[in-house]
Amino acid sequence: MDRKWVLDLHTHTVASGHAYCSLREMAKAAAEKGLSLLGITEHAPKMPGTCHNFYFHNLKVVPRQLYGIELLLGAEVNILDPEGHVDLEEKEIRRMDVVIASLHTPCMTPGTIRENTDAYRNVMKNPYVNIIGHPDDGRFPVDYRALVESAKEYGKVLEVNNHSLAPDCFRQNARENDVAMLELCREYKVPVVMGSDAHFDTYIGEFPYAEALLKELDFPEELVLNRSVSEIAKYVNRSLEE
C-alpha cells in the first residue's frame, strides 16, 4: 500500500456475521500496515446474520485507541426504501463515530433509477450519515449526476469501494459506474474515500483496484480523503486530531 493513504473507514469484524476477525485483530493489522485511523463499521441489524442493536448501544465500552492507531467505531446502515429510512434509529446512529449508508439486496429490493436515486438522496438528509457506501452497484441503477449533486448539497462523501472493483465481486458494472461517478465528482469537487470493505484483516488498507482507477482517470488527489485524518475529520461524527 502506498503510505500516503493513512486511513480505511469501511471494515467489518466477526460481529457482522460474515467476516472472520476480531476487533483487536483488525486494529493490530491496521497498525502493522502503518495506518493512522481505522473505521470499523459493522452491518446494521437488517443484514442477515449480523449483530443486534445492543452491539451498537455498547460501543461506548471500546477504547478508541489500540496499537497506537485511532479507531472510529460505527455502522454500515442499510437503506430500506426510497424515502431513505435506515435500520438504526436516529438516537442510535447519532452515537456512532462514523456511519456509512449502503444499499444491499437482502434489505431493499432494487427499484427504478429514480427510486434508487431517491433512496440515496433522502438518506443524505440524515445529519449523522457520513459516507454513501459502494454506490457503484449496477443492480441498483442510479442517476449519478443527481447523486453527486446531492452529495455536494448535503456535505457527504462518496465511496470508491475497492471490493466492488475486484474481479470476483458480485456487484454489477462497478467500474463503469465508478468512472461516471468520479468524473462528476471532479466536476463538482465532491470528495471521495476509498474503502477496502475488508471482511478479513489482510485486506485492511488495501485499495489496488480503486487506486488503479483513480490513477487512470488522473483523479485529483486533493479530493481523496484517505490522505489525511484532518480532512476526513470534517465529515465524520467524532472529533479527531491528526
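Counting from 1, the numbers follow the sequence of the chain as shown.
- One hydrophobic cluster, built from ILVMFWY side chains closer than 4.5 Å, holds both Val62 and Ile204.
- A heavy-atom distance below 4.5 Å is not found between the side chains of Lys46 and Pro106.
- With contacts defined as side-chain heavy-atom distances shorter than 4.5 Å, the pair Leu223/Leu182 does not qualify.
- Closest approach of Ile93 and Asn237 over heavy atoms only: O-ND2, 4.3 Å.
- Leu37 CG to Leu225 CG: the interatomic distance, rounded to the nearest 0.5 Å, is 11.5 Å.
- Side-chain atoms of Arg171 and Asn161 form a donor-acceptor pair, as typed in the model, at a separation below 3.5 Å.
- Asp97 has a carboxylate O that lies under 4.0 Å from a charged side-chain N of Arg238, or vice versa, which qualifies the two as a salt bridge.
- Checked for salt-bridge contact, Glu25 and Lys28 miss the test: no charged N lies under 4.0 Å from a carboxylate O.
- Of the charged side-chain nitrogens involved, none lies within less than 4.0 Å of a carboxylate oxygen, so that Lys125 and Glu153 do not count as a salt-bridged pair.
- The hydrophobic cluster containing Phe200 also includes Tyr20, Tyr203, under a criterion of side-chain heavy atoms closer than 4.5 Å among ILVMFWY residues, counted directly or through chains of members.
- The hydrophobic clustering, which links ILVMFWY residues whose side-chain heavy atoms are closer than 4.5 Å, places Phe170 and Leu103 apart.
- Leu80 is not connected to Tyr128 by any chain of hydrophobic side-chain contacts under 4.5 Å among Ile, Leu, Val, Met, Phe, Trp and Tyr, and they are in different clusters.
- Contact check on Glu211 versus Lys215 returns no salt bridge, with no Lys/Arg side-chain nitrogen under 4.0 Å from an Asp/Glu carboxylate oxygen.
- Residues Val193 and Leu7 meet the side-chain proximity criterion, which asks for heavy atoms closer than 4.5 Å.
- The shortest side-chain heavy-atom distance between Leu23 and Val14 does not fall under the 4.5 Å cut-off.
- The shortest side-chain heavy-atom distance between Leu165 and Asp178 falls under the 4.5 Å cut-off.
- Taking CG of Leu240 as the start and NZ of Lys234 as the end, the distance is 13.0 Å to the nearest 0.5 Å.
- In this structure, CG on Asn122 lies 7.0 Å from CD on Glu83, to the nearest 0.5 angstrom.
- Side-chain atoms of Glu70 and Ser36 include no donor-acceptor pair closer than 3.5 Å.
- The pair Glu222-Arg227 does not meet the salt-bridge criterion, since no charged nitrogen lies less than 4.0 angstrom from a carboxylate oxygen.
- Using a 4.0 Å cut-off between charged side-chain N and carboxylate O, Arg121 and Glu149 make no salt bridge.
- Between the side chains of Glu206 and Asn162, no donor N or O sits under 3.5 Å from an acceptor N or O.
- Separation of atoms CZ (Arg94) and CG (Leu88) is listed at 13.0 Å; rounding is to 0.5 Å.
- Applying the ring-ring contact (aromatic ring centres under 6.0 Å, His included) criterion to His12, with sequence neighbours excluded, gives His10, His43, His199.
- Electrostatic pairing of Asp137 and Arg139 counts as a salt bridge here, judged by a charged N lying under 4.0 Å from a carboxylate O.
- Between Ile132 and Ser102, every side-chain heavy-atom pair lies at or beyond the 4.5 Å cut-off.
- Panel note: side chain Asp136, backbone Ala174; no donor-acceptor pair is recorded below 3.5 Å.
- In terms of heavy-atom proximity, Asn130 sits nearest to Val236 at ND2-CA, 3.7 Å.
- Ring pair His134/His104: centre-to-centre distance below 6.0 Å.
- Proximity of Thr50 to Ser16: side-chain heavy atoms (C-beta onward) are separated by under 4.5 Å at one or more points.
- At most 12 heavy atoms of other shown residues, nucleotides or ligands fall within 6.0 angstrom of atom CZ in Arg24.
- Between Pro45 and His52 the shortest heavy-atom distance is CG-C, 4.5 Å.
- Judged purely by distance below 3.5 Å, without hydrogens or angles, the side chains of Ser196 and Asp8 pair a donor atom with an acceptor atom.
- Of the inter-residue distances, the one linking Ile40 atom CD1 with Glu42 atom CD reads 6.5 Å to the nearest 0.5 angstrom.
- In this view, Glu216 and Arg175 satisfy the salt bridge (charged side-chain N to carboxylate O under 4.0 Å, His left out) rule, not counting sequence neighbours.
- Considering every non-hydrogen atom in both Tyr235 and Pro191, the closest pair reads OH-CG, 3.5 Å.
- Put simply, CG on Asn58 and CG on Leu73 are 11.5 Å apart, with the number rounded to the nearest 0.5 Å.
- A distance-only check finds a donor-acceptor pair linking the side chain of Asp87 to the backbone of Asn78 [under 3.5 Å].
- Residues Trp5 and Phe219 are members of one and the same hydrophobic cluster, defined by side-chain heavy-atom contacts under 4.5 angstrom among Ile, Leu, Val, Met, Phe, Trp and Tyr.
- Neither Ile100 nor Met47 shares a network with the other; the hydrophobic side chains, linked directly or stepwise wherever heavy atoms of I, L, V, M, F, W or Y lie under 4.5 Å apart, form separate groups for each.
- Between the side chain of Asn116 and the backbone N or O of Gly111 there is at least one donor-acceptor pair closer than 3.5 Å.
- A heavy-atom distance below 4.5 Å is not found between the side chains of Glu92 and Phe56.
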